[in-house]
Amino acid sequence: MFLGTYNPKLDDKGRLTLPAKFREELAGGLMVTKGQDHSLAVYPREEFAARARKAAAISRSNPEARAFIRNLAASADEQRPDGHGRITISPGHREYAGLSKECVVIGSVDFLEIWDAEAWKQYQETTEDAFSAGQDVALDGLL
């Protein structure tokens with residue numbers, strides 16, 4: 001499982017060092033793609049393949065489904081961490097997520113998310129009340 005919050009820096013070449021505790025699981029390859037809320041999602045290759053197959057099975061007559069599948073597939077970038085655990089974040093991905101030098105990598109159970117540090121701070125501030133309330137129907141059985 002991917003858990004925790006980490007603060008790596010993006011270097012001048014667009015490389016980001018993955019947290020050491022996740023490198024072994026991601027050593028065989030990973031996929032970076034657009035995430036929600038202008039973050040990037042980092043999946044182990046097998047997890048991404050399973051999600052992509054599931055997405056492809058959705059009816060493409062639904063405009064929201066088509067848009068999701070297109071964005072997922074078109075923004076996917078296969079990476080293999082180098083010997084220092086670094087991956088290169090493409091210019092398009094950096095722009096989409098508004099990444100500056102200061103980044104945040106968060107564990108999201110079965111994948112990682114990459115955020116610009118300021119964007120992550122703002123996201124946390126705007127969602128804290130909803131997290132604390134925890135009464136949404138989507139959370140039934142979880143809390």
Side-chain angles (χ1 to χ4, degrees), residues 1-58 60 62-82 84-143:
M1 284 197 296
F2 297 107
L3 304 171
T5 303
Y6 308 87
N7 300 98
K9 294 190 185 327
L10 194 64
D11 72 14
D12 294 337
K13 295 180 181 178
R15 296 177 302 190
L16 184 85
T17 302
L18 296 170
K21 70 186 290 183
F22 305 133
R23 290 181 196 166
E24 185 176 329
E25 187 167 350
L26 298 171
L30 56 90
M31 300 297 284
V32 179
T33 190
K34 288 181 179 179
Q36 294 178 304
D37 303 307
H38 287 276
S39 66
L40 298 177
V42 178
Y43 296 96
R45 284 185 57 210
E46 298 78 22
E47 177 67 26
F48 181 83
R51 286 180 182 239
R53 281 192 291 278
K54 190 174 180 181
I58 296 171
R60 293 186 189 226
N62 178 320
E64 289 180 9
R66 278 195 313 271
F68 181 83
I69 293 165
R70 286 173 178 156
N71 275 287
L72 180 73
S75 70
D77 181 26
E78 189 168 4
Q79 293 275 323
R80 188 172 301 275
D82 69 12
H84 300 285
R86 297 176 300 196
I87 58 172
T88 301
I89 308 297
S90 73
H93 281 152
R94 292 193 307 262
E95 181 180 342
Y96 172 78
L99 297 182
S100 61
K101 188 174 187 97
E102 304 295 324
C103 294
V104 175
V105 174
I106 64 165
S108 199
V109 183
D110 54 354
F111 67 101
L112 296 172
E113 294 181 31
I114 301 172
W115 288 76
D116 176 72
E118 186 58 35
W120 175 245
K121 180 182 173 192
Q122 289 174 7
Y123 177 81
Q124 286 187 297
E125 289 170 358
T126 60
T127 61
E128 178 58 34
D129 289 342
F131 171 74
S132 295
Q135 297 179 10
D136 190 274
V137 174
L139 300 175
D140 283 349
L142 184 60
L143 301 176

Using the six-membered ring wherever Trp is involved, compare the ring planes of F48 and Y43 and label them parallel, tilted or perpendicular (cut-offs 30° and 60°).
tilted

Where do E25 and M1 land on the side-chain contact (heavy atoms from CB on, under 4.5 Å) test, with the steps shown first?
CA-CA 10 Å; E25 187 167 350; M1 284 197 296; over 6 Å; no

Distance from Q79 atom CD to L16 atom CG, nearest 0.5 Å?
10.5 Å

If we ignore hydrogens and angles and just use 3.5 Å, is the side chain of D116 paired with the main-chain N or O of S100 as donor and acceptor?
yes

Going from NZ on K54 to CG on L72, what distance comes out if it is rounded to the nearest 0.5 angstrom?
12.5 Å

Atom pair OG (S39) and CD1 (I114), whose distance is rounded to the nearest 0.5 Å:
9.0 Å

Other residues, nucleotides, ligands: >12 heavy atoms within 6.0 Å of E64 CD
no

Are L40 and L99 close enough that some pair of their side-chain heavy atoms sits under 4.5 Å apart?
yes

Compare all side-chain heavy atoms of P81 with those of F22 and state whether any distance is below 4.5 angstrom.
no

Could you grab the distance from atom CZ of R15 to atom CD1 of I87, nearest 0.5 Å is fine?
12.0 Å

Roughly how far, to the nearest 0.5 Å, is the CZ atom of R23 from the CZ atom of R86?
9.5 Å

Close side-chain approach of L18 and L30, heavy atoms under 4.5 Å:
yes

Between R66 (side chain) and R60 (backbone), is there a donor-acceptor pair under 3.5 Å?
yes

Can you confirm whether N7 sits close enough to W120 that some side-chain heavy atom of one is under 4.5 Å from a side-chain heavy atom of the other?
no

Could you give all pairs that pass the ring-ring contact (aromatic ring centres under 6.0 Å, His included) test and reach residues 86-105, with sequence neighbours left out?
H38-Y96

Measuring from E102:CD to L10:CG, what's the distance to the nearest 0.5 Å?
10.0 Å

Look at the rings of W115 and Y123 and say which category their plane angle falls in: under 30° parallel, 30 to 60° tilted, over 60° perpendicular.
tilted

I'd like to know if the side chain of S108 reaches the main chain of E113, judged simply by a donor and an acceptor atom lying under 3.5 Å from each other, with no hydrogens or angles considered.
no

